[in-house]
**Student:** 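Before anything else, here's the structure in question.
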Amino acid sequence: MGSFNDYMDLKKQKEGDQNSNQKFLLDTGRISNIFKGVSIYITGFTNPPSSVLKEIVLRNGGSVTMFFSKTHVTHIIASNLPDFKVKLWKNDMIVTPQWIVDCDAAQSRLSEAKYILYRTSENIRDMMTSRVEVYPIKNASKIIPETTSHDFVGEFYSNSRLHHLSTSVSELRQKVSKLQNQYHPSYIPINKSQTSSVILHIDIDCFFVSISLRTRLHLRGKPVCVTHAKPNENSDSYAEISSCSYEAREFGVKNGMFLGKALKLCPNIIAVPYEFDAYHKASNELYRILVEKTPYVEVVSCDEAFVDIVELVDVTDEAAIKGWVQELRTEIHSAISCTVSAGIGPNKLVARMATRAGKPNGQYLCYSESSVLDYIKSQPLQDLPGIGSSTFHKLESKSYKLCGDLLTKTKSELSELLGPKTGETVYNYCRGRDSRDLVLKHERKSISVEINYGIRLETIKQFETFLLNLCDELEKRMKNENVVGSLVTLKMKERSENAAVEPIKYMGHGICDNVSKSVNIANATNSGKVIHSKVMSLVNSMTLNPEDLRGVGVQMSKLKEASPVISNTTNVSKKSVKQKNVPVCKTFQCPVPEFLGHKNPADVKNIIKNWCESPEPFQVDADKVDEYITDLIKYGNISLVKELLRLMRKQLKVREAPEWNAVFNSTLQNVQRKIHVLFNGILDMDNL
DNA sequence: ATCCTCCCCTAC
DNA sequence: TAAGGTAGGGGAGGAT
């Protein structure tokens, strides 16, 4: 009986291992098969810890088991063992964790000889080699499919770092919005510009590289970059580097640089592949931690966020703020095993600029008026957000280099040079001023698909086919977001007249002229077929040579909700209600909700007026009022909601009773929450 | 003045 | 070989 139970336990345990191993691989992906056939059992304290060893082995094609079985386990991993275990396992392969680390570093299966913990049996190695086959690393290089092929679009997007970067922002916005409601159910995304803020900018240090180094201990401290090209390639590579370590940056390597150029600057740079799923997981975890603390979180990108922490810290105690942020950074680090840097300031601009001073793996607080001015004026203009190379060159032409250089310039001088808006923004930024609120609730204005890589076509017919694939992809995305649009824009890159037919970069677009053309659609749509027909009408209205096309994009704008939350029983559609401005429902076409058997608004008002005059508020009554008002909001009768709130406020003002004020505030909060959920807006309290 | 269209610029 | 996307702000210049 006992042995049967043991057997069943063993079996269950085995299945458990398989499940957890598989789940793990789904999360992070496999990078090689060097440990194929290897099944490790980790015992005792090890360095690196067992979790890291497990990850390395799984990612390299091996398996990990949580129980010891003579037939199943090929390697026992231990740093030291008690005597009885040495005796127990005298015929088994016991190696130090370093074996795993070194195999991973070399990306090949090294002999265990140098790593055997206790040599208890002379023929262990013979035994091992007969039991385990060594597989070479699989080198699966793929060929880019034909532009018109059905796989082209999907294949491209699954490998495009920029696509992952862009879409991760939209996805995170959705997720963060969910988390905000989950962790802070009564939170209302009101702009908080009227009150003072403590803005925290948080940023994962060289995100993609950091993720790769979590499991590549041997690469830490070395110049590393993330790119599609394989390591040790010749130095002529035109693969773009999407992220590089600080060690690489010291050689002048930058994000976006071609690998070939980076190799010239830093011949020892090591290239590692993308791990999109792992980035995804880490970003989710980062945002979960932030929103757990406060709903005032703005998604900037997969590795970067703004947080208003004014309600979490004592504004007057800078040391306490620093301590709080330090703790947060530690928490994030232990959750995702990547270091993060942070900047703290009175607004988004200063917070973001301060992060630069904190990087890497540090933080910088710049809050008081004088320290803000001091710090900002020493910063290069190019580091201001919104100042890219083009704007910088305009400023440079006047030999302005630092923010401080612009302090003597007038607003109109800058507007003349940079345009009215940009001029004023730069004028304010140089003084550390920034009036932008955190964007807590985001409304999409356009949605698009665009591919500027690998486009090689011969005929208009092929172009038409490719466009249909693109429009189908667009349809997918629009349906996923439940939107329809009524303005279609076609964007194209055409090879410049004197540009080579094939650019230096394999399948790149080379030097191009950009063209775009748009057309309105009478009925908003998200049908790929309809969009495609509109796009074709644009194609036919212009003269182009398909052979010169190097990039194509289709954008939909003038967006609306595809199926309104409130159907045609009301004239208030979700998108017609903007934040801060809930329009009054003028024509009231829906059935009136009942309040204690009364339908006539005048009667209802009377009852509520009397209630407000009663000696004491009871929760049951307050709940009934809330319920009725909620119905009104659902039906879109915002004007009556406003009337009732006004009435209550007027009545209760006279009484000046705290318990009644509490009733009013809770009712108001309920209204705001419902309006937010249903209409994505808030009630304008000033005009109540 | 304000809008629209077709760009360019910027950020990650 | 190599995966140069995407959303939003804003400007120039013409139409209303």
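These numbers come from the heavy atoms of this one structure, side chains and all, not from hydrogens, waters or symmetry mates. First the proteins, then the strands, lettered A, B, ... as listed; each starts at 1.
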**Student:** Round to the nearest Å and state the distance from Leu162(A) atom CG to dA3(C) atom P.
**Tutor:** 9 Å
**Student:** Assign each of Glu450(A) and Thr425(A) to its nearest nucleotide of DNA chain C by heavy atoms, then name whichever residue's nucleotide is nearer the 5' end.
**Tutor:** Glu450(A)
**Student:** For the pair made of NE2 in His393(A) and C1' in dC8(B), what is the distance, rounded to whole Å?
**Tutor:** 15 Å
**Student:** In whole angstrom, give the distance that lies between atom CZ of Phe156(A) and atom P of dG5(C).
**Tutor:** 4 Å
**Student:** Under 6.0 Å from the CD atom of Glu396(A), do we count more than 12 heavy atoms belonging to anything else shown?
**Tutor:** yes
**Student:** Which part of the nucleic acid, if any, lies within reach of Arg352(A) when heavy atoms closer than 4.0 Å are counted: base, sugar-phosphate only, or nothing?
**Tutor:** sugar-phosphate
**Student:** For Asn540(A), is the CG atom crowded, meaning more than 12 foreign heavy atoms sit under 6.0 Å from it?
**Tutor:** yes
**Student:** Atom CG of Asp383(A) and atom P of dC12(B): how far apart are they, to the nearest Å?
**Tutor:** 11 Å
**Student:** Phosphate oxygens OP1/OP2 of dA2(C): is one of them under 4.0 Å from a side-chain N or O of Ser237(A)?
**Tutor:** yes
**Student:** Ignoring backbone atoms, establish whether Thr489(A) has a side-chain N or O less than 4.0 Å from OP1 or OP2 of dT5(B).
**Tutor:** no
**Student:** On the nucleotide dT6(C), are OP1 or OP2 found under 4.0 Å from the side-chain N or O atoms that Arg477(A) carries?
**Tutor:** yes
**Student:** Using a cut-off of strictly less than 4.0 Å, decide whether Ser160(A) has a side-chain nitrogen or oxygen near OP1 or OP2 of dG4(C).
**Tutor:** yes
**Student:** Can a side chain N or O of Asn255(A) be found less than 4.0 Å away from OP1 or OP2 on dC12(B)?
**Tutor:** no
**Student:** Applying the ring-ring contact (aromatic ring centres under 6.0 Å, His included) test to Tyr238(A), which of Tyr506(A), Tyr453(A), Phe258(A) qualifies?
**Tutor:** Phe258(A)
**Student:** Distance alone, cut at 3.5 Å: any donor-acceptor contact between the side chains of Asp205(A) and Thr339(A)?
**Tutor:** yes
**Student:** When we call it a touch if two heavy atoms are under 4.0 Å apart, what does Val169(A) touch: a base, just sugar-phosphate, or nothing?
**Tutor:** nothing
**Student:** Which is true for Arg436(A) with a 4.0 Å heavy-atom rule: it touches a base, it touches only sugar-phosphate, or it touches nothing?
**Tutor:** nothing
**Student:** What I want to check is whether the side chains of Ser496(A) and Asp513(A) have a donor and an acceptor closer together than 3.5 Å.
**Tutor:** yes
**Student:** Determine the contact category for His163(A): base if any of its heavy atoms lies under 4.0 Å from a base atom, sugar-phosphate if only primed atoms, P, OP1 or OP2 are that close, otherwise nothing.
**Tutor:** sugar-phosphate
**Student:** Please work out whether the ring planes of Phe152(A) and Phe466(A) are parallel, tilted or perpendicular, with thresholds of 30° and 60°.
**Tutor:** perpendicular
**Student:** Would you indicate which nucleotide in dG5(C), dT6(C), dG10(C) comes nearest to any side-chain atom of Lys421(A)?
**Tutor:** dG10(C)
**Student:** Is the phosphate of dT6(C) approached by His164(A) (side-chain N or O, under 4.0 Å from OP1 or OP2)?
**Tutor:** no
**Student:** Has Tyr238(A) got a side-chain N or O lying under 4.0 Å from the OP1 or OP2 atom of dG4(C)?
**Tutor:** no
**Student:** Do Thr148(A) and Glu146(A) get their side chains close enough for a donor-acceptor pair, meaning under 3.5 Å?
**Tutor:** no
**Student:** Contact class for Thr167(A) (heavy atom, under 4.0 Å): base, sugar-phosphate, or nothing?
**Tutor:** nothing
**Student:** Remember a base hit wins even if backbone is also touched, and classify Arg550(A) as base, sugar-phosphate or nothing at under 4.0 Å, heavy atoms.
**Tutor:** nothing
**Student:** Base, sugar-phosphate alone, or nothing: which one does Ser166(A) contact when heavy atoms must sit under 4.0 Å apart?
**Tutor:** base
**Student:** Using a 4.0 Å heavy-atom cut-off, does Gln555(A) contact any base of the nucleic acid, only the sugar-phosphate backbone, or nothing at all?
**Tutor:** nothing
**Student:** Taking atom C1' in both dG4(C) and dC9(B), what distance in whole Å separates the two?
**Tutor:** 16 Å
**Student:** Below the 4.0 Å mark, does dA2(C) have OP1 or OP2 next to a side-chain nitrogen or oxygen of Thr227(A)?
**Tutor:** no
**Student:** What is the distance, to the nearest angstrom, from the CD atom on Glu502(A) to the C1' atom on dG4(C)?
**Tutor:** 14 Å
**Student:** Which residues, if any, of residues 508-521 of chain A bring a heavy atom under 4.0 Å of DNA chain B?
**Tutor:** Asn514(A), Val515(A), Ser516(A), Lys517(A), Ser518(A), Asn520(A)
**Student:** Applying salt bridge (Lys or Arg N to Asp or Glu O under 4.0 Å), which residue pairs with at least one partner in residues 487-506 of chain A are found, sequence neighbours left out?
**Tutor:** Glu240(A)-Lys505(A), Glu450(A)-Lys491(A), Arg456(A)-Glu502(A), Arg495(A)-Asp548(A)
**Student:** So does Glu475(A) pair up with Lys479(A), basic N to acidic O under 4.0 Å?
**Tutor:** yes
**Student:** Tell me whether the rings of Phe208(A) and Tyr274(A) are parallel (<30°), tilted (30 to 60°) or perpendicular (>60°).
**Tutor:** perpendicular
**Student:** Looking only at the side chain of Lys445(A) (C-beta and beyond, no hydrogens), which of the listed nucleotides dG9(C), dT10(B), dA3(C) gets closest?
**Tutor:** dG9(C)
**Student:** Which nucleotide, dT1(C), dA7(C), dG4(C), lies nearest any side-chain atom of Tyr506(A)?
**Tutor:** dT1(C)
**Student:** Select base, sugar-phosphate, or nothing to describe what Leu490(A) touches, counting heavy atoms under 4.0 Å on all strands.
**Tutor:** nothing
**Student:** Want to settle it: does Ile447(A) or Arg161(A) sit nearer the 5' end of DNA chain C, counting the closest nucleotide to each?
**Tutor:** Arg161(A)
**Student:** Tell me whether the OP1 or OP2 atom of dG5(C) has a side-chain N or O from Lys491(A) closer than 4.0 Å.
**Tutor:** no
**Student:** In whole angstroms, how far is the P atom of dC12(B) from the CD1 atom of Ile387(A)?
**Tutor:** 13 Å
**Student:** Which one, dA3(C), dA2(C), dT6(C), comes nearest to the side chain of Asn159(A)?
**Tutor:** dA3(C)
**Student:** Would you classify Ser158(A) as touching base, sugar-phosphate or nothing, given that sugar-phosphate means primed atoms plus P, OP1 and OP2, and contacts are heavy atoms under 4.0 Å?
**Tutor:** nothing
**Student:** Any base atoms under 4.0 Å from Asp303(A), or only sugar-phosphate, or nothing? Heavy atoms, all strands.
**Tutor:** sugar-phosphate
**Student:** Nearest whole Å is fine: how far is dC12(B) C1' from Phe208(A) CZ?
**Tutor:** 9 Å
**Student:** Heavy atoms under 4.0 Å, any strand shown: does Thr391(A) hit a base, just sugar-phosphate, or nothing?
**Tutor:** sugar-phosphate
**Student:** Tell me: CG of Leu165(A) to C1' of dG4(C), nearest whole Å?
**Tutor:** 13 Å
